[in-house]
Structures are given as C-alpha cells and as structure tokens.
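One structure is given here, and the rest of the page talks about it.
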Amino acid sequence: AEPPVHSPAPRDSDNVKIIGHLKVPIPLFNIYLSEADEQSRRLETALAEWQHELHRPVGESAEAMAHSIAGNSGTVGYADMANLARSLETGLRRVNERGYGGSDEAQLFAEAATEIRRLLHQFAAGIFKAPPPALLARLAAHEAKLAAGDDHVAAERRRQTSAPAS
C-alpha cells in the first residue's frame with residue numbers, strides 16, 4: 001500500500017496572507033495591522049489613564065477606537081476580534097452614557113484592550129487565535145447587568161410619570 005498523500009500546509013501566495021482559515025490580500029493585511037496596532041495602543045493608553053479618573057466618562061475616543069478595531073477586523077474577516085472589540089465598545093458606550101465607571105469595569109476593559117493587542121500580535125505573526133471565552137462571557141455579563149439596570153431605571157421613570165399628582 002502506498003503511504004497517504006499529505007497536502008502541504010497552506011502558504012502565502014505573492015498577494016494573499018493566509019492566517020488560519022482567513023485569506024487576506026497582503027495590502028489589506030498590512031493596512032489592517034498598521035491601523036489596528038496604533039488604535040489598540042491608543043485604546044490601552046486611554047483606558048490606563050481613565051483608571052485613575054473613574055469619576056468621569058471614559059471618553060468618546062476610546063469608544064471610537066474600539067469601534068474602528070471592530071469594523072476593520074470584520075473587513076479582513078477576523079470575526080472573533082471584531083466580536084471582542086464590539087463587546088468592549090458596547091461597555092465603553094454604556095460607561096460614557098452613565099458618566100462614570102467602576103474599578104471592576106476599568107479592570108475588565110483594560111483586560112479586553114490588552115487581549116486585543118495580544119491577539120493582533122499573534123495575527124501579525126500569522127497565528128490565528130480567538131479571544132478567551134471567559135473574557136467574552138464577562139463582557140456579556142457586564143452588558144446584561146447594565147441593560148437590566150437601564151430597564152429598571154426606565155420602569156421607575158414610567159412609574160413616576162404615570163403616578164397621579166398629589
């Protein structure tokens with residue numbers, strides 16, 4: 001019997017970078033990495049500074065950077081990164097709407113931003129990794145908690161506005 005024939009591992013062609021199951025045109029890959037690296041660096045810095053000023057909103061620039069990373073990641077097909085950045089963006093938007101943050105939120109957001117940078121460095125090296133499920137679950141739990149709080153606040157407002165005047 002003849003030995004089984006193994007297909008060689010996929011290799012980059014002259015114009016496509018192959019990372020895991022993704023095939024990204026080299027120019028797009030280079031632009032993505034350049035922009036996402038700068039945005040993720042600035043995001044980490046903004047969150048590190050905000051950790052010392054939790055009495056204020058995190059700021060629209062941090063939210064915008066997470067939004068850009070999510071959109072750019074989606075463009076290259078890196079859906080796992082897009083989901084992580086979108087979850088972070090949602091949390092940042094909630095804090096901005098509320099006007100202040102908590103130390104647990106600051107820690108969670110900083111962890112998410114650090115993970116984004118780590119995954120980008122892996123991606124740049126040609127390694128496809130997904131974010132840790134536990135981190136995504138914590139971001140989702142944070143959003144659910146805030147959404148439930150918003151529902152409670154909205155219900156209380158409706159109750160107050162519909163109560164008969166004394």
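As a basis for the values below, the full set of heavy atoms in this structure was taken, side chains included, without hydrogen atoms, waters or symmetry mates.
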Answer yes or no: are there more than 12 heavy-atom neighbours, outside Glu38 itself, under 6.0 Å from its atom CD? yes
Side-chain touch Leu135/Leu108, heavy atoms, less than 4.5 angstrom: yes
Taking all non-hydrogen atoms of both residues into account, name the closest pair between Ser73 and Ala82 and its distance. CB-N, 3.7 Å
Give me the atom names and distance for the closest heavy-atom approach of Val95 to Val58. CG1-N, 4.1 Å
Separation between CG (Leu88) and OG (Ser40), nearest 0.5 Å, reads 11.0 Å
Please collect all ring-ring contact (aromatic ring centres under 6.0 Å, His included) contacts where either partner lies in residues 30-53, sequence neighbours excluded, each pair once. Tyr32-Phe123
First locate atom CD of Gln122, then atom CD1 of Ile19, and finally report the distance between them rounded to the nearest 0.5 Å. 11.0 Å
I need the His67 NE2 to Arg93 CZ distance, nearest 0.5 Å. 10.0 Å
Is there side-chain contact between Arg138 and His142, with at least one heavy-atom pair below 4.5 Å? no
Got a sec, which residues hit side chain to side chain contact (heavy atoms under 4.5 Å, CB included) with Ser87, two or more places apart in sequence or on another chain? Leu139
Once side chain to side chain contact (heavy atoms under 4.5 Å, CB included) is applied, do any residues pair with Gln51, and if so which ones, sequence neighbours excluded? Ala106, Ala110
Are side-chain heavy atoms of Glu35 and Ile69 found at a separation under 4.5 Å? no
Under the side chain to side chain contact (heavy atoms under 4.5 Å, CB included) rule, collect the residues that match up with Leu136, sequence neighbours excluded. Leu84, Pro131
Quick test of your reading of the model: are Arg41 and Glu44 salt-bridged, counting only N-O distances below 4.0 Å? no
Note, Leu119 side chain near Glu115 side chain (heavy atom, < 4.5 Å): yes
To the closest 0.5 Å, what do you measure between CG (Leu28) and CG (Asn15)? 12.0 Å
Student check: side-chain heavy atoms of Thr90 and Leu146 closer than 4.5 Å: no
Rounded to the nearest 0.5 Å, what separation is found between the CG atom of Leu120 and the CE atom of Met81? 3.5 Å
Please report the shortest heavy-atom distance between Ala62 and Leu92, naming the atom on each side. O-CD1, 3.7 Å
Closest approach of Phe128 and His21, non-hydrogen atoms and distance? CZ-CE1, 3.4 Å
Filter on salt bridge (Lys or Arg N to Asp or Glu O under 4.0 Å), then keep only pairs touching residues 62-91, sequence neighbours left out; what's left? Arg86-Glu89
Write out all pairs satisfying salt bridge (Lys or Arg N to Asp or Glu O under 4.0 Å) with one or both partners inside residues 101-110, taking only residues at least two apart or from two chains. Arg98-Glu105
Is there a side-chain contact (heavy atoms from CB on, under 4.5 Å) between Ile31 and Thr75 once you walk through the steps? CA-CA 11 Å; Ile31 291 168; Thr75 298; over 6 Å; no
Looking at Asp37, is its backbone amide N or carbonyl O close enough to the side chain of Arg117 to form a donor-acceptor pair, meaning the two atoms are under 3.5 Å apart? yes
